[in-house]
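Just follow the structure's listing: the first ligand is 1, and inside any ligand the first atom is 1. Residue numbers run from 1 in the order of the sequence given.
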Amino acid sequence: MKLIPLIIFLMFFLISSSAQILDQASNNGHNVFKLEKTEEPDVKRSEFPSGFLFGAASSAYQVEGAYLEDGKSLSNWDVFCHSVGCAENGVNGDVADDHYHLFMRDIELMHGLGLKSYRFSISWARILPRGKFGDVNAAGIMFYNKIIDNLILKGIEPFVTIFHNDFPQELEERHGWLNSEMQEEFVYYSEICFKYFGDRVKYWVTINEPNMFIECAYELGTFPPSRCSEPFGNCSEGNSDIEPLIAMHNMLLAHGKASKLYHETYQPTQGGLIGLVAHCYMFEPLTDNDLDIEAAQRAFAYNVAWVFDPSIFGHYPEEMRAYLGSKLPNFSFEEKKFMKNSIDFIGINHYSAIYVKDCTNSSCTATGNRAIQGFLDKVVQRNGVPIGEHTGLEYLFVVPNGMEKIVTLIKIRYNNKPMFITENGYSSPNVNEQRVNELVNDLKRVEFHTAYLASLANSIREGADVRGYFLWSLMDSYEWNAGYDLRFGLYYVDRKTLTRIPKLSATWYMNFLADNNVDEIDASRHKISIGKNII
Ligand code: BGC
C-alpha cells in the first residue's frame, strides 16, 4: 500500500515539473502540452525518405541487469565491476534498468513513441555462457526470442548488435582479443545468433565501435582487461603502442569471418543485411595551417577508416601504414578476399566534433607524440573557446554541423555505401547537481536532436544514402566508467524504483515521428510505470 502515496507523488512531480516549460491545455480529454518555441533550426520527419528507420538504441550490459539469472555466466564487465571497480561510487550493471524483467513494458514505451526500429545487443554470456566450451543456454535464447517477437508484433524492426563490449569472462581468461582464437569464438557465437534469430532479424551489426573498445581496453586501460602502458595510463600489464593494433586485427578478422558466413550461408535464405559500427568523431583542424589540415585527415584515418577501410577495401588505411609501418598487421591474400566488402552498410555512432593539432612539426602532449596516435593531439578548444556547448561528458560537445560533415566524408570515401546513424545522443551536464525535474525537462536534448537531425537531413538532400537514425538512448542506463551519473535517455530512470518517466524529449520524438506540429504534444500516449505497476 506504500505504493499509492509514491504514485501520487510521482504524478504530481511529473505534472508540476513539466509545467516549467510546458503549458498544459485540454484537447478531446487528452493532455496536450505546449512546448515553448525553440530557436531554429527546425526539422520534420517528412524531410527523410519514407522507409527511413527511426529508432532508439541500447546495449545488453547497459540495460539488462539480471547478471546471473537463468544460466547466464559472468561477463568481462561483471568481473571488472566486481573486482577493480568500473565506475565511481562502486556502481555496476548488476541490475541496470532491469530490462531483463521489464522488457515488455519497455517495448510498450517504444511503441508509444512510434519507433520504427529498436537497436539492442545480445549478451554473449547469456546465450553461450562458456562460448564454444559449453552448451547454448535455452533460457537466453528464449529471452531474445521474446524481445524479437514482441518488437515485430508492435511493428518495430529489430536491429541487433552481436558484440557491444561484453562477453563471457571465461573467454577473456582463455583467450582475450590479443589471441586469434577469439576469431573462431566470435564466428561460433555469431552463427548461433543467425541460426536462432536470423529468420526474424534483418539487420545485424557484428561489432559495436571496435575503435572505441580497443582504445579503452588496450590503450587507455579504462575498459577490461585494463591493459595499457605509459604515457597512456598506469596499468599492471600491456603495451599501448602495439596491443591496440593486434586486438583490432583479431576483431576485424572475427567480423570478416562472421560476415562471410552470413553472406554465404544465411543471407541467401534469410535475406538480411550485415554491417559494422564505428565511433565517428568529426575531426576539425585546429588551425587552417596545412599540417593541421593533414592531421585532421589522419585522425579520420586512424579512427574511422581503421575500421571501415579493411571491411570495405580489404586493407588498412595508407595514412596509418605511413606512420606505423610493419607494426600495423597485414591481411593475407585469403583474408583480404573475405574482408573486402564484408559489410552491406556502414554504422555511424556520431556524438561530437573535436579539434586536431599536428605533432609531426610542433611539440605536443606525450601521447600525441606517438605513432599509435598518428602524431596528433585532439583538443577541445581553439583560442580558449570550446568547439561547442558542453555536454555531460567532458569530451563530447554540441556541434550539429559535424553530422553533415562526417556523413559526407564517409559518403565520399566509401562511394556512398548505405549508412545508418546507429547512435546519436546528448547527456545532460552536471547531472548530480540537477534536480530530477530539470532532468525531465530536457529542452537541451530536444534542441540537440533537432539540430543534429536537421544537419543529417542536409546530407541526405545532398545525396548521402543514409537509411536510419537511432537515438541514444531509449532510457537512462549504465554508462560504462561513468556509471549512472550520465543520462542519455528519452526516459528518466529513477535509480531506486526503476520507474521510467518520459522526459520532454520523449514527447518531442513521438511528435516528430508522427510528423505533428512540434508545438502540440500529446502526452496521453505515455505510460508511467512504477516498479512493476503501470498507471
Ligand atoms: C557507446 C555506448 C555509450 C555511448 C554514450 C557509445 O560510444 O556505444 O555504449 O553508452 O557511447 O557514452
Side-chain angles (χ1 to χ4, degrees), residues 55-65 75-77 80-81 86-88 91-93 96-97 99 118-124 159-167 205-217 219-220 222-224 248 251 255 275-282 303-304 306-307 346-354 378 390-399 402-403 406 420-429 431 442 444-445 448-449 452 468-491 493 505:
S58 74
S59 89
Y61 187 71
Q62 295 181 269
V63 298
E64 282 181 9
S75 75
N76 56 334
W77 272 88
F80 179 55
C81 290
C86 46
E88 279 179 25
V91 296
N92 56 46
D97 290 337
H99 179 68
Y118 176 50
R119 175 173 176 240
F120 63 97
S121 79
I122 292 180
S123 154
W124 192 335
F159 200 107
V160 178
T161 306
I162 297 174
F163 178 90
H164 193 128
N165 297 355
D166 58 317
F167 66 110
V205 167
T206 49
I207 299 174
N208 180 70
E209 295 186 350
N211 51 346
M212 183 61 105
F213 175 84
I214 297 292
E215 184 181 343
C216 294
E219 190 173 306
L220 305 173
T222 51
F223 280 12
M248 178 61 112
M251 259 198 171
H255 149 82
L276 185 57
V277 166
H279 188 272
C280 305
Y281 265 112
M282 176 59 211
N303 289 273
V304 179
W306 189 24
V307 177
I346 291 172
I348 299 171
N349 286 359
H350 178 67
Y351 288 84
S352 184
I354 199 156
K378 295 173 196 146
H390 280 93
T391 70
L393 265 173
E394 56 188 337
Y395 50 87
L396 297 184
F397 295 81
V398 183
V399 191
M403 175 66 93
I406 191 72
F420 286 87
I421 307 303
T422 34
E423 287 178 31
N424 173 236
Y426 174 85
S427 68
S428 317
V431 285
D442 59 340
K444 288 273 176 212
R445 182 168 289 102
F448 175 96
H449 286 289
Y452 272 73
Y469 173 91
F470 293 83
L471 189 150
W472 187 273
S473 182
L474 176 70
M475 54 193 162
D476 297 337
S477 58
Y478 176 77
E479 265 300 326
W480 310 113
N481 302 117
Y484 295 100
D485 288 348
L486 280 183
R487 293 177 177 270
F488 276 90
L490 292 172
Y491 282 81
V493 176
S505 54

**OP:** Considering heavy atoms of the protein only, find what lies nearest to atom 5 (C) of ligand 1 and give residue, atom and distance to 0.1 Å.
**Re:** E479 OE1, 3.4 Å
Original post:
When you look for heavy atoms under 4.0 Å from ligand 1, do you find them on the side chain of M212, its backbone, both, or neither?
Top reply: neither
Subject >> For atom 7 (O) of ligand 1, the option (of Q62, E209, H350) bearing the nearest heavy atom >> reply: E209
Subject >> Sub-4.0 Å atoms of ligand 1 with respect to non-hydrogen atoms of H279 >> reply: 7 (O)
Original post:
For residues D442 and S505, is any side-chain donor paired with an opposing acceptor at under 3.5 Å?
Top reply: yes
Original post:
Under 30°, 30 to 60°, or over 60°: which ring-plane class applies to H390 and F397, parallel, tilted or perpendicular?
Top reply: tilted
**OP:** Report the relative orientation of the aromatic rings in H279 and Y351; use parallel for angles under 30°, tilted for 30 to 60°, perpendicular for over 60°.
**Re:** parallel
**OP:** Give the residue, atom name and distance (to 0.1 Å) of the protein heavy atom nearest atom 4 (C) of ligand 1.
**Re:** Y351 OH, 3.3 Å
**OP:** Between N165 and ligand 1, find which residue part has any heavy-atom pair under 4.0 Å and reply side chain, backbone, both or neither.
**Re:** neither
Subject >> Protein contact to atom 6 (C) of ligand 1 [nearest heavy atom, distance to 0.1 Å] >> reply: E423 OE1, 3.0 Å
Original post:
Do you see a donor-acceptor pair shorter than 3.5 Å between the side chains of S121 and Y61?
Top reply: no
**OP:** Give the atoms of ligand 1, by number and element, whose distance to some non-hydrogen atom of F488 is under 4.0 Å.
**Re:** 5 (C), 12 (O)
Original post:
Between V399 and Y281, is a side chain to side chain contact (heavy atoms under 4.5 Å, CB included) present by the stated rule, with each step listed?
Top reply: CA-CA 10 Å; V399 191; Y281 265 112; over 6 Å; no
Original post:
Which word best sums up how the rings of F213 and F163 line up, parallel for under 30°, tilted for 30 to 60°, or perpendicular for over 60°?
Top reply: perpendicular
